[in-house]
Structure formats: C-alpha cells, structure tokens
K.L.:
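Supplied in structure tokens, the structure appears directly below.
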Number of protein chains: 2
Amino acid sequence: MYDVENSIGFLLSKGYQRAWALLREEIEQYELTPPQFALLAFLWREDGLTQTELSEAGQIDRTTLGGLIDRLEKTGLVERRPHPRDRRAYQIHLTTRGRELEGPLSECATRTLARLTNGLTETEVSELRRMLIILRGERTVYDFPAC
Amino acid sequence: MYDVENSIGFLLSKGYQRAWALLREEIEQYELTPPQFALLAFLWREDGLTQTELSEAGQIDRTTLGGLIDRLEKTGLVERRPHPRDRRAYQIHLTTRGRELEGPLSECATRTLARLTNGLTETEVSELRRMLIILRGERTVYDFPAC
DNA sequence: TCAACATTGACAGCATACTGACTATCTGTA
DNA sequence: TACAGATAGTCAGTATGCTGTCAATGTTGA
C-alpha cells in the first residue's frame, strides 16, 4: 500500500508549509509574505535586474514574479524603472525603505531557521541543505534522455 | 549578507516545486494534481472519513480540503455521503474508479520518487526523510512557551 | 428543557504558482 | 530596409493554501 505520509514529496510540502508559516510569523509586522521576502533578498544582493533576470535568478515563474513586484511596489519597497536600452523591459530597484529592511529582515530569517531546525544538529542542517540542493537542481544525462 | 539561495526555506520551496512538477507530469493523464493524488492516497488507506478527520489526517487546511473534494467529486473519484449520525458532516467515500486508480497512481508516485532522488543514494533518501519528518512536526516546549 | 458553547462545512477574499495567449518591442538576416 | 522570429511583460483562467466569517447542527451543564 502506498504510504503518502512518509513520501518525500508529501514531507517536502509539509516542511515547506511549516517554514512558510514560521517565517510569516516573524515578518508579519512588516506586512510581507515569504516569497516577497525572498525577492527582496535577491535584490539586496543585486539591484536593478529586469523581471526576466530576477525570474531566472530566483527561479520564480515570470507571471508570478509580475504579481510579486506589483505588491512590493504598492507597499513601497521596490520600484519599476524603464530599461535604458529596451523599451519592453523594466529594471527593478529597491527603494530606500526596501534597502533599510535588509538588517531586520535578515534577523527574522535567522530566527526562523533556528526555530525550524530546532530538532536537528548543525551537521544535520548542513546535510539537509546539501541534499535539498541536489533535489532541486539535479541535472544528469538521465533527465534529458533525448539529448 | 543574507544568502537566500542556500537557506533551508528557499530550498524547501524549490524542492517542493520540483517534486510537484515531476508528479504532475506522471499523473497528468489522469487529470489529477499532486494534492488531489495525496488525498486519494489517504482514502486508499481509510475510506469514509469526514472532512474534518481527513483534514487532520492529511494535514490539509479545512477550507482547502473542501475545494479538493469538490474537484475530485466532479471528476468522479470520490463522493460525499451524509453522515449517519451528524447532519452537519459528510463522509468522503472513494468511487469504484477512485479505488481502481490505486495501482496505476502508486506506480506513478514510485517513478516520481526515483526521478526526484536520482542524485541521492538510498541511504541519503532515508536520511532526508528522517530529517524532513523532524522539520515538519518538531514540537518541543519551545514551540509553546505559554503552556 | 434550554441557553451557552463548540463543531462542521461553506463562502469570500487574498497571495502564490503555473499555463496559454497576447501586445509591444527587439534582433538577425536577406 | 523589411520581415520573420525571438523576447519582455501582461492578462485571463485555474488550483492550492490560508484567514475570517457565517449558518446549521451538536453537546453540555444549569
């Protein structure tokens, strides 16, 4: 009999939901959601990317990203600026407020990680991270049998 | 600087998205989504639960579950029957077709797991499962400081 | 019995995530 | 230059997941 409860997919979805809920609690006061936080975090590293570039960097769907930016623009954390050499594109820039949040929000993320991985040792967390990276992006010849 | 890309939360969300996409591919022919599959899998184990019971068993939000059942009812895989002793509640039952899908869909799930964990050894998959279980449900005194 | 409280499921509303279609614009080539 | 094809971003549509609210029904205790 198929054991959903212990399947990797089911456990990933529940782990993800727990991570989301914990981070949500920590950043609630800033009226942000976890994906919005993640997008800001990418911009802290590199500002002024186009939506397509951001979408690739953050592995976020192009249309999903559009909505995220709409909402972050409405709360005044980022702004769309016309691209100087491509009239189709926008460059997404942090506002001053968006940049100022890096410190406090990073602390929220650190607290969240601590709560989330409360039951694991540091070594286990590193192992988990390594395995999740493999899960996410594993690209072997087997993935592209036709190539 | 905060490193989103290697944070456990970000990696969980991407791993989950990949697991979803792979399973989606495998079960597409049955016109099912991964959460719908998971719900069926709980019913294969125990049929006739109420929505609240199913919601607890599957750790699925009560209102989300309502929608899932609506759609599975529409595609003829489950049906709502009035609860014999509680006029507020329904018992959710598999239809014949819903029961028949257990074999083929379980195979889809097995193939999905193989593709998802392609880059990991069997031992690593077990380790990953163990750690995800801890992540999901870790309940220590620290989670309930007020109790 | 009856009033207070709890539970069940529905509904509205919002944010994410993805598909497919569309417009505007850019690029490469004849 | 002019045109075919590629690319940037939007929009509509659908499913999930969650919050809050509500009506109907159950349950419990005075």
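Any value given below was found using the heavy atoms of this structure, including those in side chains, with hydrogens, waters and symmetry copies removed.
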K.L.:
Touch check for A:Thr33, heavy atoms < 4.0 angstrom, all strands: base, sugar-phosphate only, or nothing?
P.N.:
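Touches sugar-phosphate only.
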
K.L.:
May I have the distance from A:Tyr90 (atom OH) to C:dT25 (atom P), rounded to whole angstrom?
P.N.:
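Checked: the OH to P distance equals 10 Å.
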
K.L.:
Measure the distance from CZ on B:Arg71 to P on D:dG13 and round it to the nearest whole Å.
P.N.:
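After rounding, the reported distance stands at 17 Å.
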
K.L.:
By nearest heavy atom, map B:Trp20 and A:Thr50 onto DNA chain D; which one lands nearer the 5' end?
P.N.:
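Of the two residues, A:Thr50 wins.
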
K.L.:
Has the side chain of B:Arg18 got a donor or acceptor atom that lies under 3.5 Å from a matching backbone atom of A:Leu135?
P.N.:
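Judged by distance alone, yes, a pair lies under 3.5 Å.
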
K.L.:
Quick one: label B:Arg62 by what it contacts on the DNA or RNA (base, sugar-phosphate, nothing), any heavy atom closer than 4.0 Å.
P.N.:
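The residue B:Arg62 makes base contact.
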
K.L.:
Please report the distance, rounded to the nearest Å, between CG in A:Leu65 and P in C:dA15.
P.N.:
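Going from A:Leu65 (CG) to C:dA15 (P), I get 16 Å.
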
K.L.:
Is there a donor on the side chain of B:Thr52 or the base of C:dT7 sitting less than 3.5 Å from an acceptor on the other?
P.N.:
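Side chain to base: no pair below 3.5 Å.
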
K.L.:
Calculate the interatomic distance between A:Glu31 atom CD and D:dT19 atom C1'; express it in whole Å.
P.N.:
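The distance from CD of A:Glu31 to C1' of D:dT19 comes to 15 Å, rounded to the nearest Å.
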
K.L.:
Considering only side-chain heavy atoms of B:Thr64, which listed nucleotide, D:dG26, D:dG20, D:dT16, is closest?
P.N.:
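Given the options D:dG26, D:dG20, D:dT16, the side chain of B:Thr64 is closest to D:dT16.
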
K.L.:
For a quick check, tell me whether the side chain of B:Arg88 and the base of C:dT7 share a donor-acceptor pair closer than 3.5 Å.
P.N.:
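Answer yes: a donor N or O sits under 3.5 Å from an acceptor.
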
K.L.:
With the threshold set at 4.0 Å, does a side-chain nitrogen-carboxylate oxygen contact exist between A:Glu127 and B:Arg130?
P.N.:
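The answer is no: the pair does not qualify as a salt bridge.
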
K.L.:
Once you apply a heavy-atom cut-off of 4.0 Å, does A:Leu68 come out as touching a base, just sugar-phosphate, or nothing?
P.N.:
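The residue A:Leu68 makes sugar-phosphate contact but no base contact.
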
K.L.:
Axis-to-axis angle across the helix from C:dT1-D:dA30 to C:dA30-D:dT1, five pairs an end, to 10 degrees?
P.N.:
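About 10°, once rounded to a multiple of 10°.
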
K.L.:
Atom CD of A:Glu53 and atom C1' of D:dT7: how far apart are they, to the nearest Å?
P.N.:
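Value for this atom pair: 12 Å.
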
K.L.:
Starting at the 5' end of DNA chain D, which residue's closest nucleotide do you reach first, B:Thr63 or B:Gly67?
P.N.:
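Between the two, 5'-proximity favours B:Gly67.
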
K.L.:
Take atom CD of B:Gln36 and atom P of D:dT14, then tell me their distance rounded to the nearest Å.
P.N.:
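Taking atom P of D:dT14 as the reference, CD of B:Gln36 is at 14 Å.
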
K.L.:
Go through D:dT10, C:dA15, C:dT25 for me and flag the one nearest to the A:Asp86 side chain.
P.N.:
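Out of D:dT10, C:dA15, C:dT25, the nucleotide with an atom closest to A:Asp86's side chain is C:dT25.
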
K.L.:
Hey, which of these two, A:Arg85 or A:Asp61, hits DNA chain C nearer its 5' end, going by closest nucleotide?
P.N.:
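Taking each residue's closest nucleotide, the earlier one in sequence belongs to A:Asp61.
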
